[in-house]
Every structure is written in C-alpha cells, then in structure tokens.
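Have a look at the structure below before the remarks.
The model shown is predicted, which means the values in this text are computed figures rather than measured ones. Position 1 is the first residue of the sequence, and the numbers go up from there.
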Amino acid sequence: MKNEIPVQKGKKYEIEINSLGSSAEGVGRFKDFTVFVPYTLPGEKAEVLIEEVKKSYAKGRALQILRKSADRIAPKCAIYDRCGGCQLQHLNYEAQLRIKRQQVIDAVTRIGKQPDVPVHATLGAEAPWNYRNKMQFPVGRSKGKTIIGCFAQGSHDIIDTENCYIQKEFNNDIVNAMREIVDKLGIPVYNEDRHTGILRHVIGRVGKNGECMVVLVTAVKDLQRSKDIVRMLRERLPKLVSVQQNVQTYRNNVIMGRDTKLLWGKPTILDRLGSLTFHISPRSFFQVNTDQAEVLYGKALEYANLTGRETVIDAYCGTGTITLFLAQKARRVYGIEIVKPAILDAEKNARDNHVKNAEFIVGDATVVMPRLYKQGIRADVVVVDPPRAGCTPTVLETFANMKPKRIVYVSCNPASLARDIAILDGLGYHAREVQPVDMFPN
C-alpha cells in the first residue's frame with residue numbers, strides 16, 4: 001500500500017537524525033517517514049524505540065546513540081533528562097548558536113520567502129549558565145517529602161530540583177530554604193487533582209544589585225504561620241528584601257492570581273538595563289536574562305539609527321523597557337500597549353528614570369496609530385515587539401501607512417516574524433537584515 005506507515009509502536013529501528021525540531025528534539029526519517037527523537041542531534045544515528053505513531057509522524061526514544069555528533073557533550077545537570085526546563089544541554093554552546101541561527105534562516109526562507117535577507121551569526125551570552133533572574137517552581141509532595149522544581153517535559157510530574165544551572169544561585173537558595181521550611185512548619189502543599197492544600201508555587205526574583213524577592217503563591221487567602229515563614233526565610237537568605245503572598249484560588253494552570261499582599265520588606269526590588277533602573281513587583285514583566293536583554297535592546301537602538309530629531313512609535317511597548325532605551329536618543333517616543341497595568345508600570349519607570357520625552361498610551365495599536373496619524377503625528381521610526389503570535393495584517397498596514405523611514409521588528413518567534421516580513425515586503429518595506437540574539441542558552 002502507498003500510505004503504509006513503515007514503523008510500529010514498540011519496535012526498534014536504526015534512524016539517521018537530520019535536524020532539530022522546534023522543541024529541540026531530533027528529527028529523523030525512516031523510509032521517508034518522519035520520526036521525532038528527543039535528545040538526539042543532527043548527524044547522529046540512533047537505535048530508537050517507537051513510542052507513539054500518528055498518520056504523518058512517529059515519536060521514539062533513543063535507546064543508544066550508534067554514531068555520535070562531534071557537537072555532543074555531557075549534560076551539566078544530573079536531572080536533565082527528566083526535567084522539562086532545558087532542551088539543549090547535550091549540545092555544546094557554539095553549536096547551539098549555529099542551530100538557532102539556522103532556525104531563523106529556515107523561517108525567513110521558507111515562511112517569509114526571503115532567501116536573500118542576510119541572517120547574522122547569533123549573539124551568544126558571555127555567561128550561558130545561572131542567568132535567569134526569575135524562578136517559578138510548582139510545589140508538591142512525593143514519598144512523604146516536599147518537592148519543588150520544574151515539571152517533567154509534557155507532564156505535571158514535579159522533578160525535585162536542588163540546583164538548577166540556568167537559575168541565578170539565589171533562586172536555588174530560595175527553593176532549598178522553602179523545601180525545608182514547608183516540612184518543618186507542616187505547610188499543606190497544594191494538590192491540583194483534588195484542589196486541596198495551600199502552597200502552589202514558589203517564585204524568586206533577583207535584581208542586578210543583589211536584592212531578592214520571594215513570592216509564595218497560595219490557593220487560600222490566609223497563609224498560616226506566615227510570620228514564621230518570613231522569619232525562617234530571613235535567617236537563611238541574607239540578601240532577601242521582600243516576601244510577598246500571591247493568591248490564586250482558581251482550579252486552573254495559571255500560576256499567579258490578581259491579589260498580592262506584602263508579608264515583609266519592600267514592595268519591589270530594583271533591576272537595571274544599561275543606565276536605566278526598573279522597579280520589579282511580583283507580577284511585573286521583565287526579561288529573565290538581563291545581560292542578554294541589554295544586548296537585544298542595544299541592537300534595536302542601533303538599528304533605529306536615531307539622531308535625536310526623530311519621533312518614534314513603540315508598538316506593544318509592555319512596561320516600557322525598549323521605549324525608555326529609545327527615548328535616550330529620540331526627540332519623542334510614543335509607547336502603545338493594550339494592557340493597562342503594564343502602561344502604569346511604564347509611566348512609573350519613566351518617572352523613576354527622569355525620562356520626559358516618552359508618552360505612554362493604553363490601547364490597541366490598530367486604533368491608536370491611525371488616531372496619532374490624524375493628529376498629525378508622523379513616526380520617523382516604528383519599533384515593534386509583539387507577542388509570539390506576531391502582528392495582525394491591520395497593524396502592519398497601519399505601520400506602512402505612516403510611512404516611517406525604518407521599522408525595527410523585535411520578535412520572540414521566528415515563524416511569526418517571517419510571516420510578517422513577507423506581509424511588510426508586499427507593503428513596500430523590505431527586510432534588510434536579521435540579527436538573532438540568544439536569550440535562553442541551553
């Protein structure tokens with residue numbers, strides 16, 4: 001039969017791996033049939049046990065690597081193959097940067113239909129370990145003990161984590177302190193199946209100056225023995241300046257609720273991006289890799305090519321981080337964001353940094369930008385940093401109608417970026433170059 005599937009569940013096959021998929025799993029073919037194999041690398045040959053078969057692909061587990069890639073290294077983390085936090089620790093860092101660049105090239109070429117746009121080498125991190133300034137781990141129980149860590153890949157089984165190598169060291173200290181405190185004080189741990197217990201998540205945030213915050217996410221409004229928890233955290237964590245409780249009573253997978261109360265210390269911690277200072281609250285959005293965020297925003301500022309005379313529009317401005325970077329070199333910057341709390345944070349960040357040439361507007365860019373145009377405001381440069389889904393065609397048309405000299409597009413998703421590049425090309429804005437920045441090593 002023409003459409004007969006050449007692999008069967010439960011059987012072993014030798015498979016050549018050709019590329020990496022979007023979740024960093026190896027992608028191979030057996031008799032022209034696609035097989036996804038986690039923790040394998042391009043150029044490798046593996047003995048694979050097939051665990052799932054669909055009409056157009058199968059998934060398998062590598063029993064042994066028969067031919068290893070020269071780029072393969074031993075993972076640094078002992079729980080790497082069980083934890084869902086990292087996908088690339090078995091690949092050396094230079095190769096990670098090459099593969100990430102190739103993902104962008106493939107998207108721009110295949111989806112964007114722009115094979116001639118140069119994609120530069122990925123800007124890697126000087127420190128690819130211990131870079132995450134924010135940790136949010138679920139809390140559970142196993143064999144009579146409290147466990148805190150990442151979910152295993154594709155499941156809600158918690159993998160107990162004492163030392164996560166991509167977290168700032170202080171976040172690991174928080175996890176280990178809270179595990180001990182929960183057991184000592186007998187704090188009931190949340191059970192998501194039964195919707196019982198109190199403590200759901202532990203969140204840690206670390207500022208560049210060393211200030212640290214602990215946020216305890218609870219399923220109830222009243223956290224029993226909160227004073228004892230604060231006292232024990234302060235004893236164990238000398239750099240701690242803030243302990244807060246966030247209440248999330250709903251039976252869903254959303255990590256944080258709307259209500260937060262200060263249990264002890266300061267309501268925010270300070271972080272820095274370049275010369276700018278930001279107040280970080282429990283629910284603030286802030287890039288988790290501060291050093292690479294500086295590289296990214298610096299590149300956006302370079303591409304904006306500002307002389308100090310320009311009017312700039314920053315669509316999807318969030319809490320105003322890119323806006324304030326641009327304001328350093330522009331005459332006037334307008335930040336647009338549909339989420340009102342983010343705009344309130346942005347305005348506070350502008351005041352704190354004494355930035356007076358930035359104006360923030362709550363609203364949909366598709367509505368706000370034509371309104372600004374009617375008011376006679378012309379953008380010399382448009383900067384956009386949309387969600388993963390990218391921009392709507394209406395937003396892109398609005399950009400083009402304003403006739404800016406340049407559009408700087410910051411993206412966290414090569415696929416939606418490539419699609420939007422193609423749309424902009426049809427509107428008269430041809431992509432000149434693409435610069436990948438590695439925000440999440442390993």
Self-check item: Residue pair Arg98, Glu94: steps toward the salt bridge (Lys or Arg N to Asp or Glu O under 4.0 Å) verdict
Solution: CA-CA 6 Å; Arg98 289 198 307 271; Glu94 287 305 313; 5.7 Å; no
Quiz prompt | Asp420 and Tyr409: CA distance, side-chain angles, deciding distance, side-chain hydrogen bond (donor to acceptor under 3.5 Å, both in side chains) verdict | solution = CA-CA 9 Å; Asp420 290 353; Tyr409 193 134; 2.5 Å; yes
Self-check item: From CA spacing to verdict: salt bridge (Lys or Arg N to Asp or Glu O under 4.0 Å), Lys145, Asp183
Solution: CA-CA 7 Å; Lys145 291 184 176 179; Asp183 280 341; over 6 Å; no
Exercise. With salt bridge (Lys or Arg N to Asp or Glu O under 4.0 Å) as the test, would you mind laying out the steps for Lys59 and Glu51 before giving the verdict?
Key: CA-CA 6 Å; Lys59 291 181 180 178; Glu51 297 182 320; over 6 Å; no
Exercise. Go through the steps for Ser22 and Gln103 under the test side-chain hydrogen bond (donor to acceptor under 3.5 Å, both in side chains), then give the verdict.
Key: CA-CA 8 Å; Ser22 58; Gln103 282 187 321; over 6 Å; no
Quiz item: Between Thr122 and Asp438, is a side-chain hydrogen bond (donor to acceptor under 3.5 Å, both in side chains) present by the stated rule, with each step listed?
Solution: CA-CA 6 Å; Thr122 309; Asp438 186 25; over 6 Å; no
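Panel note: side chain Thr161, backbone Cys164; no donor-acceptor pair is recorded below 3.5 Å. A distance-only check finds no donor-acceptor pair linking the side chain of Gln89 to the backbone of Pro75 [under 3.5 Å]. With Tyr80 contributing its side chain and Gly85 its backbone, the two residues share no donor-acceptor pair below 3.5 Å. With hydrogens and angles disregarded, no donor-acceptor distance shorter than 3.5 Å links the side chain of Arg29 to the backbone of Glu16. No donor-acceptor pair closer than 3.5 Å links the side chain of His120 to the backbone N or O of Arg101. Without hydrogens or angle criteria, Gln287 side chain to Asn289 main chain gives no donor-acceptor distance under 3.5 Å. In this structure, the side chain of Asp271 does not engage the main chain of Gly207 through any donor-acceptor pair within 3.5 Å. With hydrogens and angles ignored, the 3.5 Å screen pairs a side-chain donor or acceptor of Asn357 with a backbone N or O of Ala330. With hydrogens and angles disregarded, no donor-acceptor distance shorter than 3.5 Å links the side chain of Glu337 to the backbone of Ala342. With Glu44 contributing its side chain and Ser69 its backbone, the two residues share a donor-acceptor pair below 3.5 Å.
Here Glu14 pairs with Lys45 in a salt bridge; the nearest charged N to carboxylate O distance falls below 4.0 Å. Residues Asp173 and Arg236 are not paired through a salt bridge, judged by the lack of any N-O separation under 4.0 Å between the basic side chain and the carboxylate. Salt bridge present: Lys208 and Glu294 bring a charged side-chain N and a carboxylate O closer than 4.0 Å. Lys184 has a carboxylate O that lies under 4.0 Å from a charged side-chain N of Glu180, or vice versa, which qualifies the two as a salt bridge.
A distance of 6.0 Å or more separates the ring centres of His201 and Tyr190. Ring centers of Tyr57 and Phe33: at least 6.0 Å apart, outside the cut-off.
Residues Arg141 and Thr146 have side chains that bring a donor and an acceptor to within less than 3.5 angstrom of each other. Counting only N and O atoms by type, the side chains of Asn442 and Gln96 include a donor and acceptor under 3.5 Å apart. Side-chain polar atoms of Tyr297 and Thr321 form a donor-acceptor pair below 3.5 angstrom. In the model, Asn252 has a side-chain atom that pairs as donor or acceptor with a side-chain atom of Gln248 under 3.5 Å. Looking at Asn191 and Thr196, their side chains never bring a donor and an acceptor atom within 3.5 Å of each other. In this model, a donor atom of one side chain and an acceptor atom of the other lie less than 3.5 Å apart for Asp364 and Thr366. The closest side-chain donor-acceptor pair between Asp81 and Tyr39, if any, does not fall under 3.5 angstrom. A donor atom on one side chain and an acceptor atom on the other are not found under 3.5 Å apart for Glu397 and Thr392.
Counting only heavy atoms from C-beta outward, the side chains of Val206 and Asn171 approach each other to under 4.5 Å. The side-chain heavy atoms of Cys150 and Phe137, taken from C-beta on, include a pair separated by under 4.5 Å. Looking only at side-chain heavy atoms (C-beta outward), Leu306 and Val312 come within less than 4.5 Å of each other. Side-chain contact between Asn130 and Ile166 is absent, with no heavy-atom pair separated by less than 4.5 Å. Counting heavy atoms from C-beta on, the side chains of Thr398 and Pro370 come closer than 4.5 Å. Side chains of Leu263 and Leu223 form a contact here, defined as non-hydrogen atoms less than 4.5 Å apart. The side-chain heavy atoms of Val395 and Phe399, taken from C-beta on, include a pair separated by under 4.5 Å. The side-chain heavy atoms of Val215 and Met213, taken from C-beta on, include a pair separated by under 4.5 Å.
Note that CD1 of Ile377 is 7.0 Å distant from CD1 of Ile313, once rounded to the nearest 0.5 Å. Distance CD/Gln245 to CD1/Ile229: 8.5 Å, rounded to 0.5 Å. Taking OG from Ser226 and CG from Leu216, the interatomic distance works out to 9.5 Å, rounded to the nearest 0.5 Å. Here CG of Asp71 is found 6.0 Å from CG of Leu91. Values are rounded to the nearest 0.5 Å. Atom-to-atom distance recorded for Cys317:SG and Ile322:CD1 is 9.5 Å, nearest 0.5 angstrom. The distance from the CZ atom of Phe170 to the CE atom of Met135 is 9.0 Å, given to the nearest 0.5 Å.
More than 12 heavy atoms of other residues, nucleotides or ligands shown are found within 6.0 angstrom of CZ on Arg67. Atom NZ of Lys76 has more than 12 neighbouring heavy atoms from other residues, nucleotides or ligands inside a 6.0 Å radius. Atom CD of Glu126 has 12 or fewer neighbouring heavy atoms from other residues, nucleotides or ligands inside a 6.0 Å radius. Residue Arg251 qualifies as enclosed at atom CZ: its count of foreign heavy atoms under 6.0 Å is above 12.
Taking both residues in full, the closest heavy atoms of Ala358 and Leu324 are given as CB-CD2, 4.4 Å, listed atom of the first, atom of the second, then distance. Nearest heavy atoms, Gln292 versus Val437: NE2-CG1, 3.8 Å. Scanning both residues, Val202 and Ile148, for their nearest heavy atoms gives CG2-CD1, 4.4 Å. When all heavy atoms of Pro128 and Ala125 are compared, the pair lying nearest together is CD-O, 4.0 Å.
Under the 6.0 Å distance and 45° angle rule, Lys299 counts as a cation-pi partner of Tyr303.
Each salt bridge (Lys or Arg N to Asp or Glu O under 4.0 Å) pair with one or both residues in residues 147-168, not counting sequence neighbours, appears once here: Asp160-Arg179. For residues 259-268, the set of pairs meeting the salt bridge (Lys or Arg N to Asp or Glu O under 4.0 Å) definition, not counting sequence neighbours, comprises Glu211-Lys266. Within the structure, every pair that satisfies the salt bridge (Lys or Arg N to Asp or Glu O under 4.0 Å) test and touches residues 344-359, not counting sequence neighbours, is listed here: Arg332-Glu359, Lys348-Asp352.
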